[in-house]
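This report refers to the structure that appears directly beneath it.
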Amino acid sequence: MSDQLTITLPDGSTREVSPGTTAAEVAASIGSRLAKAAVAARLDEEPVDLGRRIERDCALAIVTSDSDEGRHVLRHSTAHVMAQAVLDLFPGAKFAIGPPIEDGFYYDFELPGGVHFSDDDLARIEARMREIVAADQPFVREEMGREDGLALFGDQPYKREIIESVDASEVGADSSVSVYRNPGPAGEGFVDLCRGPHVPSTKRLGAFRLMKVAGAYWRGDEKRPMLQRIYGTAWESAKALDEHLHRLEEAERRDHRRLGVELDLVSFPEELGAGLALWHPRGAVIRSVMEDYSRARHRESGYELVFTPHIARSNLWETSGHLDFYADGMYPPMELDEGHRYYPKPMNCPFHLLIFRSRIRSYRELPLRFFEFGTVYRYERSGVLHGLLRIRGFTQDDSHIFCTPDQLVPELSSLIEFVLSVLRAFGFEQFEAELSTRPEEKSVGSDEDWEMATRALFEAIDGSGLSYDVAEGEGAFYGPKIDIHVRDAIGRRWQLSTLQVDFQEPQRFELEYVGADNERHRPIMIHRALFGSVERFFGILIEHYAGAFPTWLSPVQCLVLPVADRHEPYAEKVLSQLRAAGVRGELWDATHDTLGARVRRGKLEKAPYVLVVGDDDVSSETVGVNRRGSAEADRGVPVDSFLAALLAEIDERRLPEGAAP
RNA sequence: GCCGGGGUAGCUCAGCCGGUAGAGCAGCGCACUCGUAAUGCGCAGGCCAGGGGUUCGAAUCCCCUCCCCGGCUCCA
């Protein structure tokens with residue numbers, strides 16, 4: 001019998017090693033590049049340190065720093081280094097938790113005397129971290145019993161709480177905890193409660209930066225103390241860190257709040273109040289094009305347009321259940337007509353239910369699809385407001401579909417297809433869905449209804465070819481739902497559309513239709529928002545296109561610039577030709593600005609086309625065409641052919657080529 | 001709502017430890033009439049978010065309110 005162990009690598013090959021060999025040694029034996037990139041390992045799927053000794057036959061995978069899992073380890077180790085730096089610089093600080101997150105890590109602290117971190121502190125902490133990295137401290141794993149752990153963290157209440165809760169939740173499991181030590185030069189050093197794994201040594205780290213300080217409730221509970229969280233980002237190389245910082249700059253450049261004001265689309269004057277926006281003419285043009293297109297698509301697909309008021313009496317909200325469940329999120333009522341309370345609407349559905357109920361309905365009318373751009377008001381907590389993306393007054397492209405149980409699956413299937421088709425028209429190409437099931441607590445309705453509806457959603461989404469995740473227990477209180485997410489031009493994920501099955505409201509409003517059997521039946525309702533909120537969708541479009549909208553959406557599609565005043569009559573003629581064909585154009589005359597200045601302004605305003613007309617054009621009925629995104633002007637283009645091409649582009653709602661600029 | 005940071009001209013921002021405001025861009029006027037990313041000169045523009053307080057004197061220091069930013073919590 002051999003005393004060698006057999007390890008199986010991810011490619012299926014095997015190696016013989018002697019017992020006690022470390023994962024790091026295996027990596028080194030495979031190749032020096034791998035050894036250099038290695039940060040941790042997986043031993044029979046269990047994440048372990050590179051220093052872990054192999055004592056049995058196993059499957060082993062080396063985790064490298066350029067993988068998601070590897071970056072996870074790097075970030076986690078960097079968080080430890082940050083905690084060490086903070087404890088060095090702020091004696092008496094308590095440290096709570098410090099996990100890796102997308103793009104980086106954070107650590108939560110409580111400073112003695114309620115002191116807060118300042119921006120200067122971040123620089124000091126970061127400098128101390130660099131010293132720790134340079135000191136090449138090893139990460140040493142140690143396991144100990146629960147009591148020893150509690151003793152070790154005697155003056156660290158948050159750590160003690162974690163140890164106690166870990167123990168409580170793992171009844172019967174072995175009650176040991178693991179800690180990682182970073183011994184300092186003088187024998188002191190840092191120790192943190194941690195499952196690991198970690199990089200072998202701090203010198204393995206370095207491409208990090210501390211980003212910001214923020215408050216965060218301990219354990220995410222707003223009734224518990226607020227700790228101070230420091231966020232950092234960390235990467236496998238300086239290059240990857242740089243790229244990340246560039247992505248942040250890019251996101252900032254696209255910020256809809258900045259571009260919205262710069263391009264004169266919207267504003268948020270303080271006088272208006274928090275969470276409310278004004279749509280300026282240029283923003284309003286885009287919005288009306290969006291809405292017109294949406295209405296046309298809805299009509300084509302068998303929806304009927306409705307309009308409903310902004311306020312309704314309290315009894316309507318009692319019937320719908322909003323006053324029971326969501327009174328906190330509603331604007332307060334105004335009192336009229338001897339004590340009747342009228343609430344601004346937080347949702348449109350009760351109105352659509354009333355339209356359904358306005359007369360006897362036949363099964364022959366179903367599915368009945370009501371559609372409305374309905375402006376709603378929700379009292380969002382002040383701290384959550386964010387430009388157009390989270391706002392208190394907004395407009396839902398809201399639809400309520402009433403159907404029979406038999407119609408549910410086909411209706412959901414065509415709904416998904418419809419939603420994707422409209423989103424594609426606006427330039428989104430990547431979709432991901434999330435199917436949310438019945439919440440554990442706080443839900444209403446029978447098990448059979450929930451099962452039926454959930455099954456219908458699964459069937460529809462399985463047939464759609466969309467990739468999706470299941471979010472257990474994340475459904476609305478009245479029914480399960482499918483949310484559709486998109487990826488924008490720089491890869492960010494946004495939740496847009498939602499499809500929700502609802503048995504509750506039809507019941508509360510006692511909706512009925514007469515079936516083929518001449519009996520009364522209760523319809524099922526589907527709530528559906530496609531853009532979600534027009535304001536939010538618009539904000540996302542601004543960021544997706546960085547303000548350079550496709551021509552069909554652009555507020556000004558074409559600028560006409562006469563080279564000199566004498567070309568103005570011809571420019572007027574060109575402009576009127578464009579306008580007669582329905583193109584949105586403007587003429588910027590030569591009276592005050594040079595041609596160069598006007599061209600520059602046109603480009604900064606991201607006009608899709610800037611036409612320059614001079615002597616040559618007047619005599620030959622042409623224009624000089626500057627297309628957005630192309631450096632070269634196209635001189636001498638006949639007006640007719642330019643216009644024909646432009647109209648085709650608008651008519652087809654053509655999208656910019658490649659990634660948006 | 002909570003923690004932290006802010007609010008000075010339309011925009012971006014300067015204004016140290018208190019001595020009653022400044023730049024660039026934008027705007028307006030005049031000149032320039034020009035073929036592709038800033039023509040020149042000049043002018044005007046601020047209740048320093050709002051209110052209260054301290055002080056001989058407040059943009060500056062303190063308090064309250066409103067609004068914004070970054071997080072946390074929340075999101076029918």
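Just so it is clear: chains get the letters A, B, ... in the order the sequence lines come, proteins before strands, and each one is counted from 1.
- No N or O donor and acceptor, one from the side chain of A/Tyr217 and one from the base of B/rG71, sit under 3.5 Å apart.
- Nucleic acid contact class of A/Tyr231 (heavy atoms, under 4.0 Å, all strands): sugar-phosphate only.
- Checked for salt-bridge contact, A/Asp264 and A/Arg282 miss the test: no charged N lies under 4.0 Å from a carboxylate O.
- Between the CD atom of A/Glu271 and the P atom of B/rG7 there is a distance of 18 Å, given to the nearest Å.
- No engagement by A/Ser118 is indicated, since no non-hydrogen atom pair under 4.0 Å with the nucleic acid exists.
- Summarising the geometry, the separation between CG on A/Asp121 and P on B/rG4 is reported as 14 Å, rounded to the nearest angstrom.
- Residues A/Lys603 and A/Tyr326 each lie close to RNA chain B; by heavy-atom proximity, the contact nearer the 5' end of the strand is made by A/Lys603.
- Look at A/Arg390 and you won't find any side-chain N or O under 4.0 angstrom from OP1 or OP2 of B/rC69.
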Distances under 3.5 Å between protein N/O atoms and the N/O atoms of nucleotides 42-47 of chain B, please, pair by pair.
none

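- Judged by distance alone with a 3.5 Å cut-off, no donor-acceptor contact links the side chain of A/Asp615 to the base of B/rG35.
- Counting any heavy atom pair closer than 4.0 Å across all strands shown, A/Gly614 reaches a base atom.
- On the C1' atoms, B/rG4 is 29 Å away from B/rA9, given to the nearest whole Å.
- Taking the six-membered ring for Trp, A/Trp494 and A/His485 have ring centres at least 6.0 Å apart.
- For A/Arg381 and B/rC75, the shortest distance from a side-chain N or O to OP1 or OP2 is not below 4.0 Å.
- A/Arg566 contributes no side-chain N or O that forms a donor-acceptor pair with the base of B/rU33 under 3.5 Å.
- Atom CD in A/Glu434 sits roughly 14 Å away from atom P in B/rC75 (whole-Å rounding).
- Taken together, the paired segments of RNA chain B that extend over three or more consecutive Watson-Crick or G-U pairs, each closer than 3.5 Å at both contacts, are B:1-7 with B:66-72, B:10-13 with B:22-25, B:27-31 with B:39-43, B:49-53 with B:61-65.
- Using atom P as the reference point in both B/rA59 and B/rU20, the two lie 9 Å apart (nearest Å).
- A sub-4.0 Å separation between OP1 or OP2 of B/rA76 and a side-chain N or O of A/His322 is absent.
- Rounded to an integer number of Å, the gap from CZ of A/Phe268 to P of B/rG6 is 23 Å.
- RNA chain B is contacted by both A/Tyr377 and A/Gly275; A/Gly275 maps to the nucleotide lying nearer its 5′ end (nearest heavy atom per residue).
- If you check every strand for non-hydrogen atoms under 4.0 Å, A/Tyr478 touches sugar and phosphate atoms only.
- Regarding A/Lys223, its NZ atom lies at a distance of 16 Å from the P atom of B/rG1, rounded to whole Å.
- Phosphate contact (OP1/OP2 of B/rC34, side-chain N/O of A/His567, threshold under 4.0 Å): absent.
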